[in-house]
Amino acid sequence: KLSDWLHRQSGALQEILSRTDHLVQVNRAFRDWLREPWSDSIRIASFDHDTVVVFARDAPTATLLRFRAPAVVAYVREHWNPACTKLQIKVQPET
């Protein structure tokens, strides 16, 4: 399988795959924790120093997420990034 071959590669490709696998696990746990009907419309895109970057599918979902911002930052700080103090939300519509 292609996925098996990709996982056997080394160097930069292996680092990208590892980061991707980590984000998949992070997003699965995040959605389970959030337990909102709209949680499938968001995804954590990255951890940038003290900021967690989350993509929302549309503006209404981004607004709902903003109301949960303090809880989201606390959750991220506790589970993945102890330096996290900010939430950045970007609207990224599906294409």
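What you see is a predicted model; the values in this text were computed from it and never measured.
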Any side-chain heavy-atom pair of Val76 and Val73 under 4.5 Å: no
Just wondering, do Asp21 and Leu23 contact through their side chains at under 4.5 Å, heavy atoms?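 In short, these two side chains do not touch, never coming nearer than 4.5 Å.
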Nearest-0.5 Å distance, [atom1] of residue [X] to [atom2] of residue [Y]:
X     : Y     : atom1 : atom2 : result
Gln25 : Trp80 : CD    : CH2   : 10.0 Å
Asp40 : Arg31 : CG    : CZ    : 7.0 Å
Ile44 : Phe30 : CD1   : CZ    : 4.5 Å

N/O donor to acceptor pairs below 3.5 angstrom from side-chain atoms of residues 48-56, sequence neighbours left out:
residue, atom, partner, partner atom, Å
Asp48, OD2, Ser46, OG, 3.4
Asp50, OD2, Lys86, NZ, 3.4

I'd like to know if the side chain of [X] reaches the main chain of [Y], judged simply by a donor and an acceptor atom lying under 3.5 Å from each other, with no hydrogens or angles considered.
X     : Y     : answer
Arg77 : Pro82 : no
Thr20 : Ile16 : yes
Thr61 : Arg57 : no

Hydrophobic cluster membership, with links at side-chain heavy-atom distances under 4.5 Å among I/L/V/M/F/W/Y: are Ile42 and Trp33 in one?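 Linked, Ile42 and Trp33 end up in one cluster.
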For the residue pair His79 and Tyr75, categorise the inter-ring angle as parallel (less than 30°), tilted (30 to 60°) or perpendicular (more than 60°).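 Tilted, since the angle between the ring planes falls between 30° and 60°.
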Whether Glu36 and Arg68 form a salt bridge (side-chain N of Lys/Arg under 4.0 Å from carboxylate O of Asp/Glu) is what I want to check. yes
How would you list, by chain and number, every residue that makes a side chain to side chain donor-acceptor pair (under 3.5 Å) with Arg19, sequence neighbours excluded? Glu15
For Phe47 and Val26, which heavy atoms make the closest approach, and how far apart are they?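 Minimum heavy-atom separation between Phe47 and Val26: CZ-CG1, 3.9 Å.
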